[in-house]
Amino acid sequence: MAYVLGVPLYANTAPLYRFLEPDGFALRHGVPAELNRMVLSGEVGLSLVSSYFYLKHQEALGLLPDFSVAVLGRVYSVNLFHRGSLQDLKRVALTTESATSVALLQLLFREEGLAPRYERAEGGLELLEAYDGVLLIGDRAIRAYASLLGEIPETPHALPTRFGEVGVVDLSTLWFARTRLPFVFAVWAYRKDHPPPKALVRALRRARREGLGRLKEVAEGEALRLGVHPALLQHYLWNFRYHLEEPDRLGLAAFAQALGLPFAPTYYPE
């Protein structure tokens, strides 16, 4: 039976899988919440999983030592869209796609003394008709932001965070202000009793190298798929840190500490 690799089909993972050659293994796609469950149950061997999920289950899971989906500062795709001030939020709709973004939002709000009522809900910006805020991630967040943005500023740092009565809070920016560290949203993990073959890990490294080397091409393809401006997607993708370097590991350890969890990773043996 072929080893199964789990991949969430988001724009920010496209540089990792766009040029992957599935030779001797099978691909399974899904949102992070689905893939988290599948890797723990054994339906998927190796998968990109939410960092929160990994930290909660690290005793059972191994970790590829040089892969991450992380950002230092603004991420653009883990956003709380809201009306009014944050202090006045009473009901917040939460994405059902990822546990990490939900845990991060609740952590940051607790530290600020904010305690809105959280409710799981499917949808996009239309949820603001019923809720004071809505947490969106991934492609849904990018589409929502692009629909508000209109024209792309020449200077990427000028991308706005307020559109009339709708504000946009980037959770990774809040994390950076708190810690001065990157935030790791996802890692490649596997059950310790079912590690990936070395050929698959080498194939993932080749695919990443190709994807980052052809980032403009990847961005244009993802922009076409999402129906947004290619310049916005290229700026979005070049922000990411895909190698789980020491600053990323420190950021992941800080997240674990803030959640009251240990950080004692078991890395894939080379």
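A side-chain donor from one of His235 and Tyr76 sits under 3.5 Å from a side-chain acceptor of the other. Asn12 and Tyr236 form a side-chain donor-acceptor contact under 3.5 Å, judged by distance and modelled atom types alone. For the residue pair Tyr118 and Gln106, no side-chain donor N or O sits within less than 3.5 Å of a side-chain acceptor on the partner.
Between the side chain of Tyr268 and the backbone N or O of Pro196, at least one donor-acceptor pair lies under 3.5 Å. Here the side chain of Arg140 pairs no donor or acceptor atom with the backbone of Arg143 at under 3.5 angstrom. In this structure, the side chain of Asp88 does not engage the main chain of Gly84 through any donor-acceptor pair within 3.5 Å. With hydrogens and angles disregarded, a donor-acceptor distance shorter than 3.5 Å links the side chain of Gln58 to the backbone of Pro262.
Scored by the side chain to side chain donor-acceptor pair (under 3.5 Å) test, Arg202 finds no partners at all (sequence neighbours excluded). Remark: Arg214 engages Glu210, Glu217 in a side chain to side chain donor-acceptor pair (under 3.5 Å) (not counting sequence neighbours).
The residues Arg225 and Asp139 are annotated as salt-bridged, a charged nitrogen and a carboxylate oxygen being separated by less than 4.0 angstrom. In this structure, Glu222 pairs ionically with Arg18, as a charged nitrogen and a carboxylate oxygen lie closer than 4.0 Å.
Taking the six-membered ring for Trp and the full ring otherwise, the centers of Tyr190 and His194 sit at least 6.0 Å from each other. For Phe185 and Tyr10, the gap between ring centers reaches or exceeds 6.0 Å.
A cation-pi arrangement is present between Arg208 and Phe67 under the rule of less than 6.0 angstrom and at most 45 degrees off the ring axis.
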Worked verdict on Arg28 versus Glu34 for salt bridge (Lys or Arg N to Asp or Glu O under 4.0 Å): CA-CA 10 Å; Arg28 178 77 63 85; Glu34 295 170 336; over 6 Å; no
